[in-house]
Amino acid sequence: MKVSNFPIFTQKDVPSEAEITSHQLMIKSGMIRKLSSGQYSWLPIGLRVIQKIEKIIREELNNIGCAEILMPSVQPAELWKESGRWDEYGPELLRFKDRHEREFCLGPTFEEVITDLIRKDVSSYKQLPMNLFQISSKFRDEIRPRFGVMRAREFIMKDAYSFHETQDCLDNTYEIYKSAYQKIFKRLMLDYTIVDADSGNIGGNESNEFHVIAETGEDDLLLDNKCNGMNLEIAKIKYSEDSLESIIKKTGLTHKKGIEVGHIFKLGQKYSEKMKAKITTKDSKSINMFMGCYGIGITRIVAAAIEQSHDSNGIIWPKSISPFEAVIIEIDGHKNKEVRSHSNEVYSLLKNSKKNIIHDDRNANFGNKMKDWELIGIPHMIIIGNNEAKNKTITYRARTENTKFEIKVEEIVSKLN
RNA sequence: CGGGGUGUAGCGCAGCUUGGUAGCGCGGCUGGUUUGGGACCAGUAGGUCGUAGGUUCGAAUCCUAUCACCCCGACCA
């Protein structure tokens, strides 16, 4: 990619409404723009980060035998009335009517739709277990959207669902997802912790949350010295205390703030009972399927990763989700033919080595370009000016270090690995 | 929904108390000199002051209503 064809939208000042670092940096670095409260457009740089995260999630879910599907966000009220959640879910469910006065909602989660899908096509234990996931926009009419994409009214979530003949099978699968999630968050290079959680609105009997520990997190966690623990709701019940302070006093657990980026649930038969999702077992009995569901907040991960990794110059992307692996910053390339052709050669070389590269071919000051790419947070910077063009070298600088050094062109590829 | 706050150029803000020609910085555009860490000079465009009503000879400024946005809380992934 060249900046001439891949617009970047960095800006110096940031709207005063952006309070937390990740929100400010996402606006400054040109990842997002606000449409209205809790709703954001994703610009090229931001969308690439989302796509990197999605790729990792897809790979790890495919690895555990989970197949991708896509379901409609507009969902008929009948399904939600069948599950009982049309009334239970409350005002957070964004509802509307079509021209025929039929009631619909925009899906905040997809248990109803997928249960309906599966009950129509699955009728035998031989078809189970079955694992399906989708990546799509979810809608929640939040009381108070805040912190940019951290708590948005429209956001991208991965939701997976599993279907089983027995509780045992669900239990096994739940553990498989749990370890797949650990692989995913490790590859995303997030500093996370797993806690016991309340299953809330989704329902079921066992659940775990995956949190990125961050000051700006909205959730209260209680952790032991091995970082195992639970969220506040569970702790209140478990220790029969009603305040954070009294629980800390009673248990000696450490209080941390967390950003919830993943949540897995054992739903059991909650939905299959209400929605009559039945299969026939080996001995010809008709039973309700056992279900699990597994979510990851993709757009929230973007913000959480920034909260966790930045400095005064901007974002520092983990290599695995950086929008580009490296940036070629050319100096004076629009005027100096040698510089332009040398940077084009380096660009082709890296492209042929399957590297994701952005080539900054703008007519702009060196300082401007450096500031932009430090703000955007690309891990590797390759500087090409008159000297490098003459010597057939490049000057390398890592995002996290202040020193630059000149290296031969042949050394670049290994430098980036 | 309760409490607090803000709406003036793309962004950051001043002007409002005490009504009388709508300003500053950054950014944009044109021309030129620059380009190895957010350059400089000259010129230029851009605002029905959130919206509607009222008071007044006259409203960004005073009054009323309304909308949007932000923060704290309740709630929630």
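Bear in mind the structure is a predicted one, so any value in this text is a computation, not a measurement. Each chain gets a letter, A, B and so on, in the order its sequence line appears, and its residues count up from 1.
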Roughly how far apart, to the nearest Å, are B:A52 and B:A59 at atom P? 14 Å
For A:V261, report the nucleic acid contact type (base, sugar-phosphate, nothing); a contact means any heavy atom under 4.0 Å. nothing
Where A:L267 and A:C293 come nearest, the two heavy atoms and their spacing: CD1-CB, 3.9 Å
What is the distance, to the nearest angstrom, from the CZ atom on A:F9 to the C1' atom on B:G28? 14 Å
Rounded C1' spacing from B:C49 to B:A9 in Å: 10 Å
Could you check if a side-chain atom of A:R58 sits within less than 4.5 angstrom of a side-chain atom of A:I135, using non-hydrogen atoms only? yes
Hey, does the Lys NZ or Arg CZ of A:K266 hover above the aromatic six-ring of A:Y174, less than 6.0 Å from the centre and inside 45° of the axis? yes
For A:T395 and A:E406, does a side-chain donor sit closer than 3.5 Å to a side-chain acceptor? no
Protein-nucleotides 36-39 of chain B N/O pairs closer than 3.5 Å?
residue	atom	partner	partner atom	Å
B:G36	O6	A:N386	N	3.2
B:G36	O6	A:N387	N	3.1
B:G36	O6	A:E388	OE1	2.7
B:G36	N1	A:E388	OE1	2.9
B:G36	N1	A:E388	OE2	2.9
B:G36	N2	A:E388	OE2	3.3
B:G37	N7	A:K404	NZ	2.7
B:G37	O6	A:R397	NH1	2.6
B:G37	N1	A:E374	OE2	2.7
B:G37	N1	A:R397	NH1	3.2
B:G37	N2	A:E374	OE1	2.5
B:G37	N2	A:E374	OE2	3.0
B:G38	O2'	A:K12	NZ	3.3
B:G38	N2	A:D372	OD1	3.4
B:G38	N3	A:N368	OD1	3.1
B:A39	OP2	A:N365	ND2	3.4
B:A39	N7	A:N365	ND2	3.2

Taking atom C1' in both B:G23 and B:U61, compute the distance separating them and give it to the nearest angstrom. 15 Å
Separation between the C1' atoms of B:G50 and B:U56, rounded to whole Å: 23 Å
Distance, rounded to the nearest Å, where A:I234 contributes CD1 and B:A77 contributes C1': 15 Å
Under a 4.0 Å threshold between the charged nitrogen and the carboxylate oxygen, would A:E374 count as salt-bridged to A:R397? yes
Rounded distance in Å between the P positions of B:A60 and B:G53: 14 Å
Side chains of A:D361 and A:H334, donor plus acceptor under 3.5 Å: no
Pair partner, B:G20 [Watson-Crick or wobble, under 3.5 Å]: B:C57
Starting at CG of A:L93 and ending at C1' of B:C75, how long is that distance when rounded to a whole Å? 15 Å
Is any side-chain heavy atom of A:N228 closer than 4.5 Å to a side-chain heavy atom of A:D196? no
Taking the C1' atom of each, how far is B:C62 from B:G20, in whole Å? 15 Å
Between A:K81 and A:E103, does any side-chain N to carboxylate O distance fall below 4.0 Å? yes
note: A:E142, atom CD; B:A77, atom C1'; distance rounded to Å ~ 8 Å
Separation of B:U33 atom P from A:H334 atom NE2, nearest Å, is 11 Å
Give me the distance, rounded to whole Å, that separates B:A22 from B:A14 when you measure between the C1' atoms they each carry. 11 Å
Ring centre gap for A:Y161 and A:F133 strictly below 6.0 Å: no
Euclidean distance, atom NZ of residue A:K335 to atom C1' of B:G32 [Å, nearest integer]: 11 Å
As its Watson-Crick or G-U partner within any shown strand, both distances under 3.5 Å, B:U30 has B:A42
Using atom C1' in both nucleotides, what's the gap between B:C13 and B:A74 to the nearest angstrom? 34 Å
Pair partner, B:G47 [Watson-Crick or wobble, under 3.5 Å]: none
Heavy atoms only, 4.0 Å cut-off, all strands: where does A:H23 land among base, sugar-phosphate and nothing? nothing
Across all strands, who's sitting opposite B:A68 as a Watson-Crick or G-U wobble pair, both distances under 3.5 Å? B:U6
Go nucleotide by nucleotide along RNA chain B from the 5' end; which of A:V14 and A:A364 gets its closest nucleotide reached first? A:V14
Protein-nucleotides 67-73 of chain B N/O pairs closer than 3.5 Å?
residue	atom	partner	partner atom	Å
B:C69	OP1	A:S37	N	3.2
B:C69	O3'	A:K34	NZ	2.9
B:C69	O2'	A:E17	OE1	3.2
B:C70	OP2	A:S37	OG	3.0
B:C71	OP2	A:R144	NH1	3.4
B:C72	OP2	A:R144	NH1	3.0
B:C72	OP2	A:R144	NH2	2.7

A cation-pi test, strictly: NZ or CZ of A:R48 under 6.0 Å from the centre of the six-membered ring of A:F324 and no more than 45 degrees from its axis. Yes or no? yes
Look at the side chain of A:D332 and decide which nucleotide, out of B:U35, B:A77, B:G12, has an atom nearest to it. B:U35
Expressed as a whole number of angstroms, how long is the span from A:N231:CG to B:C76:P? 12 Å
A:D220 CG - B:C76 P separation (whole Å): 14 Å
Between the side chains of A:K270 and A:S272, is a donor N or O closer than 3.5 angstrom to an acceptor N or O? no
